[in-house]
Amino acid sequence: MSQTHLVEVRDLHFSRGSRAIFQGIDLDIEQGKITAIMGPSGTGKTTLLKLMGGQLQPDAGTVSIDGQNVHALSRHALFMMRRRMGMLFQSGALFSDLSVFENVAFPLRVHTQLPDSMIRDQVLMKLEAVGLRGARDLMPSELSGGMTRRVALARAVALDPDLIMYDEPFVGQDPISKGVLVKLIHDLNKAFGATSVIVSHDITETLSIADYVYVIANGQVMAHGTPEALNLEADPRVDQFMHGRPDGPVPFHYPAPDFRDDMLDAGEKV
Ligand SMILES: Nc1ncnc2c1ncn2[C@@H]1O[C@H](COP(=O)(O)OP(=O)(O)OP(=O)(O)O)[C@@H](O)[C@H]1O
């Protein structure tokens, strides 16, 4: 495999029931870089992260991380592989009954045999990186939304992952928190020599730190390139997406039967 690709996705197919989510997609995630995965809502971006993390099994195709086919790994090998991944999921709440310190310490306690003194050093280093070393004794209920996301970020990088996956890291954040998170994601990637994948609808924030972008729609890679290249892309679907235009060739409806038929059908049942 190429030396510079940490992740290679090849001809990936995945369905939910009768609905095809991916119909043969190929992606390369370059080592040490920040890659953004963008696309209309419901197109399968979170699903793709779960396929990369081995939480979901593809119908066909492969996901290789550092040359290893994720879906061919034994349970133990997958567990070891997951140690190398940090995931910040949209719904990734903190453990409400654990302090900030213990939330960040949690992966270290589960995945390592480190003595308490080393766990303490690691936790304080990660909390320092997100600017919350002073908040170590607070409980999650005492944090703002932005602080919560930063603690979750510290927890996601607790094990110094090679690959960090962010699912909608900016959702629900005020502009200042968004700015802080943008800088953190960029700086953490550099400081820990990691490779980052960001799924996000926040185009401005994401493009400001992404080295490379994949736009996914209708089960396929619609476009890919550097942010600069995509901004100049003539394809009206890419243009609509990159500039957040509500009207254009990209539909926002979940596939549905004809509206008129649906209404008439409802009328008949009344
Ligand atoms: N557990 C599940 N069971 C069945 N269908 C699911 C499940 N999770 C997601 N889906 C469907 O899979 C499709 C892709 O969902 P996914 O969450 O990956 O999209 P997304 O691109 O991340 O969307 P958004 O940008 O809105 O977060 C959607 O149509 C969704 O309804």
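Counting starts at 1 for both ligands and their atoms, in listed order.
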Enquirer: Mark up the atoms of ligand 1 that fall under 4.0 Å of a heavy atom belonging to Gly44, in ascending order.
Expert: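 Answer for ligand 1: 14 (C), 16 (P), 18 (O), 19 (O), 20 (P), 21 (O).
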Enquirer: When you measure from atom 24 (P) of ligand 1 to each heavy atom in Ala217, Gly42, Ser15, which option holds the nearest one?
Expert: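 Shortest heavy-atom distance from atom 24 (P) of ligand 1: Gly42.
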Enquirer: Closer than 4.0 Å to some heavy atom of His201 - which atoms of ligand 1 meet that?
Expert: 24 (P), 25 (O)
Enquirer: What do you reckon, does Thr43 have a nitrogen or oxygen under 3.5 Å from a nitrogen or oxygen of ligand 1?
Expert: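 Between Thr43 and ligand 1, an N or O pair is found under 3.5 Å apart.
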Enquirer: Considering the heavy atoms of Lys45, write down every atom of ligand 1 situated less than 4.0 Å from one of them.
Expert: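 Every atom of ligand 1 under 4.0 Å from some heavy atom of Lys45: 18 (O), 19 (O), 20 (P), 21 (O), 22 (O), 23 (O), 24 (P), 25 (O).
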Enquirer: State the atoms of ligand 1, each with its element, that fall below the 4.0 Å cut-off from a heavy-atom position in Ile21.
Expert: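 Heavy-atom distances to Ile21 below 4.0 Å select 12 (O), 13 (C).
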Enquirer: Looking at Lys45 and Asp167, does any basic side-chain N land under 4.0 Å from a carboxylate oxygen?
Expert: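 Here Lys45 does not pair with Asp167 in a salt bridge, since their nearest N and O are not under 4.0 Å apart.
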Enquirer: Within 45° of the six-membered ring axis of Phe170 and under 6.0 Å from that ring's centre, is NZ or CZ of Arg149 located there?
Expert: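 So Arg149 doesn't make the cation-pi contact.
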Enquirer: Are Phe95 and Arg155 side-chain neighbours, meaning at least one heavy-atom pair lies under 4.5 Å?
Expert: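 In short, these two side chains touch, coming nearer than 4.5 Å.
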Enquirer: For His224 together with Tyr214, are the ring centres under 6.0 Å from each other?
Expert: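 Close enough - the centres of the two rings lie under 6.0 Å apart.
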Enquirer: If you measure from each heavy atom of Lys50 to ligand 1, is any distance below 4.0 Å?
Expert: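 Outside the 4.0 Å threshold, so no.
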Enquirer: Does the Asn69 side chain pair with the main chain of Thr62, one donor and one acceptor, at a distance under 3.5 Å?
Expert: no
Enquirer: Pick out which of Val197, Leu56, Ile198 makes a side chain to side chain contact (heavy atoms under 4.5 Å, CB included) with Leu49.
Expert: Val197
Enquirer: May I ask you to list the atoms of ligand 1 that are less than 4.0 angstrom from any heavy atom of Thr47?
Expert: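 In order of number, 14 (C), 15 (O), 16 (P), 18 (O).
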Enquirer: Of all the atoms in ligand 1, which lie at a distance below 4.0 Å from a heavy atom belonging to Arg19?
Expert: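 In order of number, 13 (C), 28 (C), 29 (O).
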Enquirer: Looking at Asn103 and Ser99, would you say the former's side chain and the latter's main chain have a donor-acceptor pair under 3.5 Å?
Expert: yes
